[in-house]
2 protein chains.
Amino acid sequence: MNLLKRISFKDQAFQQREGAILDAATRILTRRGFDLMTMDDVATEVGVSKPSLYKHFKSKEELAGECMIRLLDAASEHLSSLPDTMPAIDRMRSLLAWALHLRLQGGLPFLPATSPHVRDMLVKNLGYTMRALKLNSALSKILSEAQKAGQIRKDLPDAVILFSFYSRTCDPAVEFLRLYSKLSNAEIVENMLAAYFSGLTATNAKPTL
Amino acid sequence: MNLLKRISFKDQAFQQREGAILDAATRILTRRGFDLMTMDDVATEVGVSKPSLYKHFKSKEELAGECMIRLLDAASEHLSSLPDTMPAIDRMRSLLAWALHLRLQGGLPFLPATSPHVRDMLVKNLGYTMRALKLNSALSKILSEAQKAGQIRKDLPDAVILFSFYSRTCDPAVEFLRLYSKLSNAEIVENMLAAYFSGLTATNAKPTL
DNA sequence: GTCTATAGCTGGATAGAC
DNA sequence: GTCTATCCAGCTATAGAC
């Protein structure tokens, strides 16, 4: 029993360190992207040596993949946590707002979009692909609910709406606004949501709202 | 005079080769991004040796900078080419459509958005910055015209609209749609414009249009 | 001005001691 | 499992012959 306990302790420490590595890698991926992230960077930021990283993740690609998997899981979890009574469009808003806040805190990288190399890397990662499909099917369902309820226009293909949705989570405009405007993080999120959902053209129908 | 002529010929060939290098580099930047583009790639694609590249551009960063400068000039030129009678919002549409078509043909990289490294590189490039400011001021003017004419909503900060506009030119959704949907290039552009300008929410005001 | 060849460096991954 | 020290590939940039 003592033995088991000790092993369990060790495991816990191991798990905790793994979490720290993933946190650091996620931050660095957000700041610098996959190509510019070095394993030295990650090791330094976590406070371990480079070979130790390789005890946890057998390559840089696997490390990046695990970061993205954890994020997809968090996104699915966020969706699940929303009350069933919430209108579909508000669930979409809520997920996008969650992602944008995460991004503004430096915790959501760009990855899938970046380059063919990175995209291929993720597509080949079975765990990533499975979770991406799961999230996508959950979102498709919400989208069709929103359309049935008359909250989202029906004249755009689903793919346009969904891919745009994903792309908004890594919209460079967010970064530019953070750097070059005086808007607070909350205002940036609010404006991005407004621009995405309502568009830019003046609504000459609604009078002053 | 013969001498001058010969020099002039040589210069022409030199200029032409420079254009070919820029074309190739722009394509590769679009496909692979700055970090993954190697000078060997460029040399091979153009059909010259690597040291020759360095006779034209003193570094990889300068080469990328010149690619972007040429694109900014082309964008400004496109704006200038539009008839004065065209409504402001249609000029914005036209510029975005031009950029998206260029992107779909593999001729418009991602760069400014990508990473702090790349962004810094471009900001330090005086020629790039000057042209970016020039284009930005032209677009700001068009935007305020469109707002005065009641074509664009006035409740969003200018920065939100303009940065979103630039970001739409390198929207990953375009790439995803090209890869994973069956839409033609023209349809992709049309849908992206529709989503950007009109938004996603159903316009319960307009009946069936 | 163009090439071949190479310097010099960086970064992913690992061997081997503890 | 963790470290120090190191290997090796690939890249930017240049020296030097023609």
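In the set dG12(C), dT2(C), dA13(D), the nucleotide with an atom closest to the side chain of S59(B) is dA13(D). Comparing atom distances between the F14(A) side chain and each of dG11(C), dA13(C), dG1(D) picks out dG1(D) as nearest. With dG11(C), dC3(D), dA13(C) as the choices, the nucleotide that has an atom nearest any side-chain atom of T38(A) turns out to be dG11(C). Considering only side-chain atoms of Y54(A), the nucleotide from dA13(C), dT14(D), dC3(D) that sits closest is dA13(C). Checking dA5(C), dT12(D), dT4(D) against the side-chain heavy atoms of P51(A) singles out dT4(D) as nearest.
The interatomic distance linking I21(B) (CD1) with dG1(C) (P) rounds to 12 Å, in whole Å. Protein atom CD of E62(A) is 15 Å distant from nucleotide atom P of dG12(C), rounded to whole Å. Here the P atom of nucleotide dA13(D) and the NE2 atom of H56(B) are 16 Å apart, to the nearest Å. L53(B) places its CG atom 14 Å from the P atom of dC11(D), with the value rounded to the nearest Å. When rounded to the nearest whole Å, the span between NZ of K58(B) and P of dA13(D) equals 10 Å. D40(A) places its CG atom 12 Å from the P atom of dT4(D), with the value rounded to the nearest Å. The separation between M37(A) atom CE and dT10(C) atom P is 19 Å, rounded to whole Å. One interatomic measurement links the two molecules: CD of Q16(A) to C1' of dG1(D), which rounds to 16 Å at whole-angstrom precision.
How far CZ of F176(B) is from OH of Y166(A): 10.0 Å, rounded to the nearest 0.5 Å. In this structure, OG on S181(B) lies 11.5 Å from CG on D158(A), to the nearest 0.5 angstrom.
Looking only at side-chain heavy atoms (C-beta outward), T26(B) and R70(B) come within less than 4.5 Å of each other.
Across all strands, K50(B) comes closer than 4.0 Å to base atoms (heavy-atom distances).
Phosphate proximity of dG12(C) to K60(A): present, with a side-chain N or O under 4.0 Å from OP1 or OP2. Between S52(B) and dC3(C) there is a side-chain N or O to OP1 or OP2 distance below 4.0 Å. Contact annotation: R17(A) reaches the phosphate of dT2(D) (side-chain N/O to OP1 or OP2, under 4.0 Å).
A salt bridge links R31(A) and E45(A); the closest N-O separation between the charged side-chain nitrogens and carboxylate oxygens is under 4.0 Å. A salt bridge does not link K55(A) with E18(A): every distance from a Lys NZ or Arg NE/NH1/NH2 to an Asp or Glu carboxylate oxygen is 4.0 Å or more.
Nearest-nucleotide positions on DNA chain C place M39(A) closer to the 5' end than the other of M39(A) and K55(A).
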